[in-house]
Amino acid sequence: MPDSTGPESRMPVATRPRARALVAAGLTLAVAAVTATGCASAEEQVPTIGYGIDNVVTTYNAGTVDGATSGARQAFVRVQPGFSYTGPEGTAVSDTDVGSAHPVPAEALTIAYQINPAAEYSDGAPLTCDDLVLTWAAHSGRFTGPDGGQLFDAAEVAGYTDIDRVDCVPGAREATVVFRSGRSVVDWKSLFGATSILPSHVVEREAGVDDLVAAVEAGDVEALGRVAEFWNTGWSLVPGELDLSRFPSAGPYKLESYSEDDGLVLVANDRWWGNRPATERIVVRTKGEGLAERVESGEIEVLDVAEGSVPGLDVAGWEVAELPSLGVEQLILSSTGVFDSAAARRAFAACVPRDQLFETFGTIPEHTGAPLGVVDARFVARDDLIYPSVATAADGRYRQPDVAAASAAGPLTVRIGYRAPDQQRRDMVSAIASACEPAGITVEDAGSPEFTSSALRRGEVDAVLAGTAGADGSAGSTERTTAMYALRSGSGSNFGGFANSRVDQIVDQLAVDGSTSATLALAGEAENILWTEMPTIPLFNQPRTIGAAEGMHALDPNPSRSGTGWNMDRWVLRR
């Protein structure tokens with residue numbers, strides 16, 4: 001089970017302090033799994049819960065650049081478990097079903113990983129240290145091709161680049177991870193976490209590599225090139241096109257099917273060694289699949305979306321929690337094209353109505369937690385005790401439109417992209433356009449159903465409206481690692497291509513020094529640079545609407561990048 005206290009012991013959504021009940025007569029949510037009639041198919045009679053998320057699932061690999069911004073983490077958090085997961089409080093929580101990880105005495109930070117002897121994939125292959133070697137190799141940034149480019153299209157390198165080696169005897173159940181001297185990474189518990197460990201035996205088979213561990217140890221570029229090619233693209237998910245032999249699971253659920261009509265179907269994994277899932281079948285429905293209509297028809301019983309993102313959404317009769325995400329809604333700006341100068345980026349920021357955007361799109365009227373507001377820091381969360389000091393770098397600037405300052409760069413046309421349909425982001429772009437027009441800055445809505453944050457690199461847009469590190473839906477954690485590395489040069493999640501050597505040094509230092517004094521000094525210095533260079537424009541913590549149909553139990557809202565599906569194997573629907 002993914003929680004030592006047992007997810008069943010947590011408060012159901014209806015009684016959590018921040019939850020708000022919305023009850024209205026006249027709408028009855030029918031549940032196929034419970035109300036199936038004698039003429040229903042056998043599949044429909046399997047206990048089923050529909051789960052709706054405000055993102056798309058285009059890959060089984062959440063580690064790639066596009067995978068990390070997709071809904072893969074939310075969909076597969078209990079399909080691809082790791083040594084930890086991001087819990088509802090935003091911290092890394094150990095998953096002892098998979099195994100244990102603990103530091104051992106050594107000159108450099110050294111972590112001993114012990115895999116549960118019973119752990120195996122749904123195809124019968126054992127979970128071994130080879131899988132950890134694959135994870136490290138893909139995220140290490142160490143392996144380049146003949147052209148000098150990275151072989152692996154990894155989004156996150158934080159922590160993995162600091163690993164010197166992974167000692168692994170192929171096929172063994174233990175691994176020793178040795179970090180480079182002086183690089184005692186603070187956030188090491190998040191490494192090899194949920195959705196980061198993928199089946200190396202599938203890669204070996206599909207890439208034609210007999211011994212992945214040997215290839216990594218030898219730095220065999222030819223073999224690793226084939227490994228990387230499959231890791232980058234071999235786990236793509238297209239509705240109606242699914243070779244299940246490529247998608248084994250090491251979690252309580254496994255992938256059964258994926259189609260436009262039936263959605264992404266997860267079923268209980270018979271080879272799972274832990275507690276059997278409380279509900280046999282989860283159907284994941286994604287952005288663009290008519291979430292509002294499926295809620296009304298009773299096809300969805302759990303919903304985790306950005307507030308206002310789903311047009312026509314009516315959750316009457318449900319228990320609903322509205323709470324701030326740990327991720328920050330932001331504009332990520334290109335460092336080329338119209339924004340090839342910091343002056344142009346500052347001019348655009350001068351017309352973005354951040355106060356208005358927060359008041360209109362970022363407030364949660366009944367929120368009783370830490371005060372919300374416009375976010376003025378990128379490296380420190382708004383509820384961090386040192387946030388007020390770090391945020392002073394913004395000095396109250398860029399809150400209200402300043403037409404004179406925005407006009408300084410001359411006429412500009414700025415294309416803002418986001419994953420559509422998304423009513424809230426569409427309205428935000430419209431508000432920005434209205435505020436910037438008097439300054440001679442034309443804002444074009446470049447949202448589309450096929451959009452990914454990678455479009456910024458390709459020059460297809462000038463800015464992206466997204467969450468932390470370019471995520472489309474649920475994002476963030478209490479660890480600052482993801483947000484920092486999204487502004488470090490060379491990081492896959494740095495979509496705008498921002499590069500500043502001093503910021504790189506600060507990121508590297510904060511990765512190994514989490515003390516309050518270091519964070520206060522270094523994060524403050526970084527913000528001074530970032531408000532001058534303006535690679536991003538932070539807005540506010542994205543409000544989330546997390547709802548459950550009547551009769552749902554053991555659902556615990558999770559506003560982090562894991563999403564509320566973090567404990568879907570404990571969900572139960574009782575009518």
Side-chain angles (χ1 to χ4, degrees), residues 328-363 372-380 382 387-418 424-447 456 459-466 487 495-500 502-503 523-542:
V328 175
E329 194 79 348
Q330 62 180 326
L331 286 159
I332 305 170
L333 308 184
S334 176
S335 57
T336 60
V338 298
F339 288 143
D340 63 353
S341 71
R345 297 192 292 271
R346 288 194 301 270
F348 175 61
C351 72
V352 174
R354 292 200 303 143
D355 275 345
Q356 177 195 337
L357 293 175
F358 166 69
E359 292 296 334
T360 306
F361 305 105
T363 58
L372 301 176
V374 175
V375 171
D376 280 331
R378 301 160 179 85
F379 282 14
V380 177
R382 204 175 187 285
Y387 171 85
S389 297
V390 174
T392 57
D395 195 27
R397 296 172 293 168
Y398 304 105
R399 289 296 192 95
Q400 302 287 348
D402 183 336
V403 174
S407 303
L412 295 176
T413 297
V414 178
R415 300 161 296 171
I416 300 179
Y418 58 91
Q424 174 138 314
R425 284 176 174 155
R426 178 182 178 182
D427 292 344
M428 289 174 67
V429 172
S430 178
I432 294 169
S434 296
C436 290
E437 184 179 13
I441 296 178
T442 301
V443 172
E444 296 181 352
D445 188 321
L456 192 62
E460 296 169 6
V461 295
D462 308 299
V464 172
L465 181 56
L487 289 166
F495 292 102
F498 174 69
N500 180 281
R502 181 53 187 155
V503 170
E525 181 185 353
E527 292 298 340
N528 277 306
I529 297 171
L530 296 172
W531 282 110
T532 299
E533 295 294 319
M534 204 65 74
T536 64
I537 306 173
L539 301 174
F540 49 80
N541 290 97
Q542 182 193 73

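Please read all numbers here as calculations on a predicted model, not as lab measurements.
- Counting heavy atoms from C-beta outward, Leu530 and Phe498 have side chains that approach closer than 4.5 Å.
- At least one donor-acceptor pair under 3.5 Å links the side chain of Ser335 to the backbone N or O of Gly496.
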Acceptor/donor pairs from residues 349-356 side chains to any protein atom, 3.5 angstrom cut, sequence neighbours excluded:
{"from": "Arg354", "atom 1": "NE", "to": "Tyr398", "atom 2": "O", "distance (Å)": "2.6"}
{"from": "Arg354", "atom 1": "NH1", "to": "Val375", "atom 2": "O", "distance (Å)": "2.8"}
{"from": "Arg354", "atom 1": "NH1", "to": "Asp376", "atom 2": "OD1", "distance (Å)": "3.2"}
{"from": "Arg354", "atom 1": "NH1", "to": "Pro538", "atom 2": "O", "distance (Å)": "3.0"}
{"from": "Arg354", "atom 1": "NH2", "to": "Asp376", "atom 2": "OD1", "distance (Å)": "2.7"}
{"from": "Arg354", "atom 1": "NH2", "to": "Arg397", "atom 2": "O", "distance (Å)": "3.3"}
{"from": "Arg354", "atom 1": "NH2", "to": "Tyr398", "atom 2": "O", "distance (Å)": "3.4"}
{"from": "Asp355", "atom 1": "OD1", "to": "Arg399", "atom 2": "NH1", "distance (Å)": "3.1"}
{"from": "Asp355", "atom 1": "OD2", "to": "Gln400", "atom 2": "NE2", "distance (Å)": "3.1"}

* Start with the C-alpha distance between Leu456 and Ile332, add both sets of side-chain angles, then the distance that settles side-chain contact (heavy atoms from CB on, under 4.5 Å), and finish with yes or no. => CA-CA 9 Å; Leu456 192 62; Ile332 305 170; 3.8 Å; yes
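- Every residue meeting the ring pair (Phe, Tyr, Trp, His ring centres under 6.0 Å) condition with Phe339, not counting sequence neighbours, appears here in chain and number order: Phe348.
- Listed by first and then second residue, the side chain to side chain donor-acceptor pair (under 3.5 Å) pairs that reach into residues 424-435 are Glu329-Arg425, Gln423-Asp427, Arg425-Asp472, sequence neighbours excluded.
- For the atom pair OG of Ser407 and CD1 of Ile441, the computed distance is 7.0 Å after rounding to the nearest 0.5 Å.
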* **Residue pair Thr413, Val338: steps toward the side-chain contact (heavy atoms from CB on, under 4.5 Å) verdict** => CA-CA 8 Å; Thr413 297; Val338 298; 5.8 Å; no
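- For Arg415, the salt bridge (charged side-chain N to carboxylate O under 4.0 Å, His left out) partners at least two apart in sequence or on another chain are Asp462.
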* For Val461 and Val414, run side-chain contact (heavy atoms from CB on, under 4.5 Å): C-alpha distance rounded to whole Å, both residues' side-chain angles, the deciding distance at 0.1 Å, then the answer. => CA-CA 8 Å; Val461 295; Val414 178; over 6 Å; no
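- Across every non-hydrogen atom of Phe540 and Gly373, the tightest pair is CB-O, 4.0 Å.
- The cationic group of Arg378 lies under 6.0 Å from the six-membered ring centre of Trp531 and within 45° of the ring axis, placing it in a cation-pi geometry.
- Every residue was checked against the side chain to side chain donor-acceptor pair (under 3.5 Å) condition with Glu444, not counting sequence neighbours, and none meets it.
- Ile529 has its side chain within reach of Asn500: a pair of non-hydrogen atoms, C-beta onward, lies under 4.5 Å apart.
- Separation of atoms OG1 (Thr363) and CG (Leu357) is listed at 11.5 Å; rounding is to 0.5 Å.
- Checked by atom type and distance alone, the side chain of Thr392 never pairs as donor or acceptor with a backbone atom of Asp395 at under 3.5 Å.
- Distance check: Leu412 CG to Thr442 OG1 gives 8.5 Å after rounding to the nearest 0.5 Å.
- Looking at every heavy atom in both residues, Asn541 comes nearest to Arg382 through OD1-CB, 4.0 Å.
- Using a 4.5 Å heavy-atom cutoff, the side chains of Leu333 and Ile537 are in contact.
- The side-chain heavy atoms of Val443 and Ile416, taken from C-beta on, include a pair separated by under 4.5 Å.
- Put simply, CD on Glu527 and OG1 on Thr532 are 10.5 Å apart, with the number rounded to the nearest 0.5 Å.
- Across all their heavy atoms, Val403 and Pro438 have their closest contact at CG1-O, 3.8 Å.
- Residues Phe361 and Met428 come closest through the heavy atom pair CD1-CG, 3.4 Å.
- Across every non-hydrogen atom of Pro535 and Leu487, the tightest pair is CG-CD2, 3.7 Å.
- Looking at heavy atoms from C-beta onward, Phe358 lies out of side-chain contact with Thr360 at the 4.5 angstrom threshold.
- Side-chain contact between Val429 and Tyr418 is present, with heavy atoms from C-beta onward closer than 4.5 Å.
- By the salt bridge (charged side-chain N to carboxylate O under 4.0 Å, His left out) test, Glu437 pairs with no residue at all, sequence neighbours left out.
- A salt bridge is absent between Glu533 and Arg346: the closest approach of a Lys/Arg side-chain nitrogen to an acidic carboxylate oxygen does not fall below 4.0 angstrom.
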